[in-house]
Amino acid sequence: MTNAEVSRSLRELALYLEMDGVPFKPQAYERAAYAIASLDRPVSTLYEEGGATAMLGIPGVGKGIANRIVELVREGKCKDLERYRSDVPVDIASLTELEGLGPKRVMTLWKKLGIRSIGDLERAIEQGRLRHLPGFGSGTESNLRESIRAWRQHAGRWPIGEVLRLARVLEQRLRGAASVESASVAGSLRRLSTTVGDLDYLVVTSKPRSVMELFAGMPEVERVYAKGSTKTMVRLEQGIDADLRVVPKESFGAALQYFTGSKAHNVALRRIAISKGLKLSEYGLFRGDKSVGGRTEEELYRALGLEFIPPELREDEGEIEAASEKRLPRLIEPALLRGDLQVHTKWTDGRGSIEDMALAARELGLEYIAITDHTRDLAMTGGLDEERLLKQMDLIRETDKNIKGIRLLSGAEVNIRRDGTLDIEDEVLARLDVVGAAVHSHFSLSREESTRRLVRAMENPHVDIIFHPSARRLGGRQPIDIDLDAVFDAALRTGTVMEIDAQPERLDLDPRHVREAVRRGVMMVISSDAHDARELRFTEEYGIGVARRGWAEAGHILNTLPLHKLLERLKDGRGARPSPDRRRKKRRRRQDRERREA
DNA sequence: GCCGTTTTCGGCCCGACTGTTTTCAGTCG
């Protein structure tokens, strides 16, 4: 069983327990399910290596749940879950995905009407059978009808790239409204999560009614679910839901913190509050009835004895411990990026000329960019062969001379073939300033094959960077299956850099992998993969967020360096040989070591 | 069922909204 399957089973158990009205266990199972889903390694491997004891190392897993996991891994099923499924044979996981339907009502629907699936529910609603059930009514019936429609249209979450700009537009509109004192987007969007479930807004205002009217009446609003004095919920035309809350001025920080989440982070903060004899809610931090913080987030974290934790880190994955020990990372900032090492032009599938891209990059304040068009194998894009690549290199040099204020590097996005070889001759690669290599085909090779393929490409002495290492497309293509450990080993051994590709449908490396790279000391770059001038902004809009969620500091990201330093750190060309100075130092260190050992 | 710098027992995050019923359960975030 994969981690996802184990996690799903535990989550299903949690739902059944909740349906039964069992106290506390559901949250315990939920927490364990979450922990399993976020594991880096297969839980089956952990079990093979360390048996049931190894399960206890997973946060939220104790003896009871460890046994369930072992059962799932060994048998592919577990007795408790099977029993629940035969007692109450309903698709509880899907049904509870519907807005307005939880485990208790699922139980009622099953008992009274024999409803087992969303399809059953839909038929019962059409026949008008729900409105006669205890606790249900015609209002509930029509709400559930709408929920099913929405669920069918968009099950799941949105890639951040599909909603970020819309979210910012609404935020600006709220900020600009006459009676609004402050306004902010919160939720997973503020944490710059890779995917977003809905949009959450908070405002401080003296005229709640009029702000609610404004929000519910926006042209983007398709439907109003609820409109109260403190909360309004709407669905936007695009299909995503948006919530607006009005909060008291003195609670804005506490509310912003609370609604930014994540849930796990909030739960952990509340525990800390309790341990200090305080009570934390979205209204503030209280000792008895007295507020001791909540006007701003900074004040709130300080009152809890913590450094301010940037939203991107709020996942309860070590940030709270780090904040209490004053060792949070100094996260990278957009202004620190000096260059962009993946830029496309009209020479292949881009829409701007070399000059267009250079001027736009200079406008953004960048000091250098590398032109990295596709190569031969990507015939679809008009991929360049050796001859055209050399020709382009000449033009890049010439353009570089003519445009002041930005340096142009010659490069390429070379294709990695199925066997790990490249589609451009080494002699030509050697003449480029920057060589990126990337996977564009054969996405479903075995883990061994995919890993070997990437490692072989990294072993090429001319390959500086692996572009979009997992080749995933959010909401589309799954990542290729690689042994990340082995790939990072190879990166360290060969001095190959990993890219954080900021195209919103890629975001690749994933933040989780960035964090691992940071831990291992693997160097990265953040690039836009821009195909026209406007896309150069992707690095600051999305790429920085990915890096920050991965705990990256400027020192982990090579394109924060000035050009000459950057080139020193790349594999060949001007960076291939350590400078004489570095060689001397290295020799001295070796001699010191030998003397000590002698 | 999990967890421990007050605890190996006794806690476990907290409040708003809806629909329904008329004082509250269920759901959500």
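As the structure is a prediction and not an experimental result, all values here were calculated from the model. Numbered from 1 within each chain, the chains take letters A, B, ... in sequence-line order.
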Base, sugar-phosphate alone, or nothing: which one does [X] contact when heavy atoms must sit under 4.0 Å apart?
X	result
A:Pro103	sugar-phosphate
A:Asn143	sugar-phosphate
A:Arg131	nothing
A:Val61	sugar-phosphate
A:Thr260	nothing
A:Lys25	base
A:Leu17	nothing
A:Leu98	sugar-phosphate
A:Lys227	sugar-phosphate

Specify the separation, in whole Å, of atom [atom1] of [X] and atom [atom2] of [N].
X	N	atom1	atom2	result
A:Asp316	B:dC2	CG	P	17 Å
A:Asp20	B:dG26	CG	P	13 Å
A:Lys276	B:dT6	NZ	C1'	13 Å
A:Met19	B:dA25	CE	P	19 Å
A:Tyr34	B:dC2	OH	P	19 Å
A:Met233	B:dC17	CE	C1'	9 Å
A:Ile274	B:dG4	CD1	C1'	14 Å
A:Phe259	B:dC17	CZ	P	10 Å

Does [N] have OP1 or OP2 under 4.0 Å away from a side-chain N or O of [X]?
X	N	answer
A:Ser281	B:dC13	no
A:Arg245	B:dA16	no
A:Thr230	B:dC17	yes

From the options [options], select the nucleotide whose nearest atom is closest to the side chain of [X].
X	options	value
A:Arg271	B:dT20, B:dC13, B:dG1	B:dC13
A:Lys104	B:dT27, B:dG19, B:dC13	B:dT27
A:Tyr283	B:dG29, B:dA16, B:dC3	B:dA16
A:Arg68	B:dG1, B:dC13, B:dT20	B:dG1
A:Ala226	B:dC13, B:dG19, B:dC17	B:dC17
A:Glu282	B:dG15, B:dC3, B:dC13	B:dG15

>> Is it true that, when you exclude A:Arg173 itself, more than 12 heavy atoms of the residues, nucleotides or ligands shown sit nearer than 6.0 Å to its CZ?
In response: yes

- Message: Does A:Lys290, at its NZ atom, have more than 12 non-hydrogen atoms belonging to other residues, nucleotides or ligands within less than 6.0 Å?
- Response: no

Do A:Arg74 and A:Tyr47 form a cation-pi contact, if we require the NZ or CZ to be under 6.0 Å from the six-membered ring centre and within 45 degrees of the ring's axis?
no

Span that lies between the [atom1] atom of [M] and that of [N], in whole angstrom:
N	M	atom1	result
B:dC13	B:dC3	C1'	16 Å
B:dC9	B:dT18	C1'	39 Å
B:dG4	B:dT8	C1'	8 Å

Does any non-hydrogen side-chain atom of [Y] lie less than 4.5 Å from one of [X]?
X	Y	answer
A:Arg235	A:Asp241	yes
A:Leu509	A:Val546	no
A:Arg472	A:Arg506	no

Salt bridge (charged side-chain N to carboxylate O under 4.0 Å, His left out) with A:Arg549: of A:Glu315, A:Glu317, A:Glu312, only one passes, and it is A:Glu315

Heavy-atom nearest nucleotide on DNA chain B taken for A:Asp80 and for A:Leu133; more 5' hit belongs to A:Asp80

The residue, A:Gly102 or A:Lys279, whose nearest nucleotide of DNA chain B is more 5′ is A:Lys279

Could a donor-acceptor pair under 3.5 angstrom be found where the side chain of A:Tyr258 meets the base of B:dG29? yes

